[in-house]
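Accompanying notes for the structure given below.
None of the values given here were measured: they were computed from a predicted structure. Computation of the quantities below employed the complete heavy-atom set of this structure, encompassing side-chain atoms and omitting hydrogens, waters and symmetry-equivalent molecules.
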Amino acid sequence: DPLTRGELAKLYENLQVAKWNNQRAMDKVKSGQAPGPEMSIAKMALTRNMQMTAEFIAKVLGPRMVADTGEWGTYAWNKFLLGVPGMRVAGGTDEILRNILAERVLRLPPEPRLDKDTAFRDVPTGPPTK
């Protein structure tokens with residue numbers, strides 16, 4: 001199917017770009033430098049690629065991805081599929097990483113925060129008091 005092949009090629013392209021970005025970060029580390037924004041970009045690329053992979057596999061396998069039919073290479077993907085949301089949270093959510101890149105790399109102004117000068121333990125919780 002040409003559409004499926006096109007989607008697979010797009011997935012492969014994204015994986016290659018992520019690999020090159022990771023290599024750039026590792027080269028910095030090997031030369032004694034601290035990695036910069038590459039690590040935030042790598043985490044975001046990882047979760048995006050995992051999501052794209054899960055969607056592609058789900059499209060190709062359909063219900064065989066979650067129903068154990070005994071067919072080799074089908075049901076085992078469900079663990080991958082179920083792990084994707086957890087990976088989006090582990091190591092910093094995609095939203096937090098986008099904020100880091102926006103503020104530290106692109107030098108965009110930070111989001112307004114009313115509690116910026118308040119210790120976390122002192123941030124009010126619960127319903128607002130009148």
Side-chain angles (χ1 to χ4, degrees):
D1 174 26
L3 292 176
T4 303
R5 280 195 309 271
E7 289 179 31
L8 182 60
K10 182 178 178 182
L11 180 59
Y12 178 77
E13 288 172 6
N14 282 293
L15 292 169
Q16 284 299 112
V17 170
K19 180 175 105 177
W20 294 328
N21 182 65
N22 292 343
Q23 186 60 51
R24 185 174 58 183
M26 291 303 104
D27 289 346
K28 274 185 157 181
V29 171
K30 286 178 186 173
S31 70
Q33 301 176 37
E38 296 90 358
M39 298 314 288
S40 292
I41 293 169
K43 168 62 171 51
M44 288 179 12
L46 171 69
T47 57
R48 182 171 181 260
N49 288 337
M50 287 179 71
Q51 183 69 38
M52 287 175 59
T53 301
E55 289 169 3
F56 177 78
I57 296 298
K59 181 179 176 184
V60 171
L61 295 178
R64 295 177 299 158
M65 184 173 182
V66 293
D68 190 359
T69 62
E71 184 181 353
W72 183 87
T74 57
Y75 183 66
W77 281 100
N78 73 359
K79 291 179 183 176
F80 180 85
L81 173 73
L82 295 172
V84 172
M87 184 56 83
R88 293 190 67 207
V89 174
T93 65
D94 293 349
E95 291 77 12
I96 289 172
L97 294 172
R98 284 187 189 103
N99 281 346
I100 290 170
L101 290 172
E103 293 174 14
R104 297 182 189 171
V105 177
L106 301 175
R107 307 267 189 232
L108 296 174
E111 289 187 38
R113 290 182 35 213
L114 300 176
D115 61 352
K116 184 175 183 178
D117 297 323
T118 306
F120 183 75
R121 69 176 179 273
D122 298 330
V123 174
T125 59
T129 58
K130 294 183 181 181

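Closest approach of Val123 to Thr118, counting heavy atoms only: N-CG2, 4.1 Å. Nearest approach of Met87 to Lys43, heavy atoms of both residues: O-NZ, 3.0 Å. Shortest non-hydrogen contact noted between Met65 and Asn78 is O-CB, 3.3 Å. Nearest heavy-atom pair, Ala25 versus Met39, reported as atom, atom and distance to 0.1 Å: CB-SD, 3.6 Å. Counting all heavy atoms, side chain and backbone alike, Met52 lies closest to Leu11 at CB-CD1, 3.8 Å.
No path of Ile, Leu, Val, Met, Phe, Trp and Tyr side chains, each step under 4.5 Å between heavy atoms, connects Met26 with Val17, placing them in separate hydrophobic clusters. Leu82 and Val89 fall into different hydrophobic clusters, where Ile, Leu, Val, Met, Phe, Trp and Tyr are joined by side-chain heavy atoms under 4.5 Å apart, directly or via other members. Residues Phe80 and Ile57 share a single hydrophobic cluster, defined by chaining ILVMFWY side chains whose heavy atoms lie under 4.5 Å apart.
In this structure the side chain of Asn14 reaches within 4.5 angstrom of the side chain of Arg48, judged on heavy atoms. Contact of the Leu8 side chain with the Phe56 side chain is registered, since non-hydrogen atoms from C-beta on lie closer than 4.5 Å. You'll find the side chain of Arg88 stays beyond 4.5 Å of the side chain of Thr93, heavy atoms only. Between Glu38 and Asn22 the shortest side-chain heavy-atom distance does not fall below 4.5 Å. Residues Lys59 and Glu7 meet the side-chain proximity criterion, which asks for heavy atoms closer than 4.5 Å. Side-chain contact between Val60 and Trp77 is absent, with no heavy atoms from C-beta onward closer than 4.5 Å.
Going from atom NZ of Lys19 over to atom CG of Asn49 covers 13.0 Å, rounded to the nearest 0.5 Å. Atom CG of Leu108 sits about 14.0 Å away from atom CZ of Arg98, to the nearest 0.5 Å. The CD1 atom of Ile100 sits 11.5 Å away from the CD atom of Glu95 when rounded to the nearest 0.5 Å.
Between the side chain of Arg104 and the backbone N or O of Leu101, no donor-acceptor pair lies under 3.5 Å.
Checked options Leu97, Leu46, Asn21; the residue passing with Ile41 is Asn21 (criterion: side chain to side chain contact (heavy atoms under 4.5 Å, CB included)).
A side-chain donor from one of Asp27 and Gln23 sits under 3.5 Å from a side-chain acceptor of the other.
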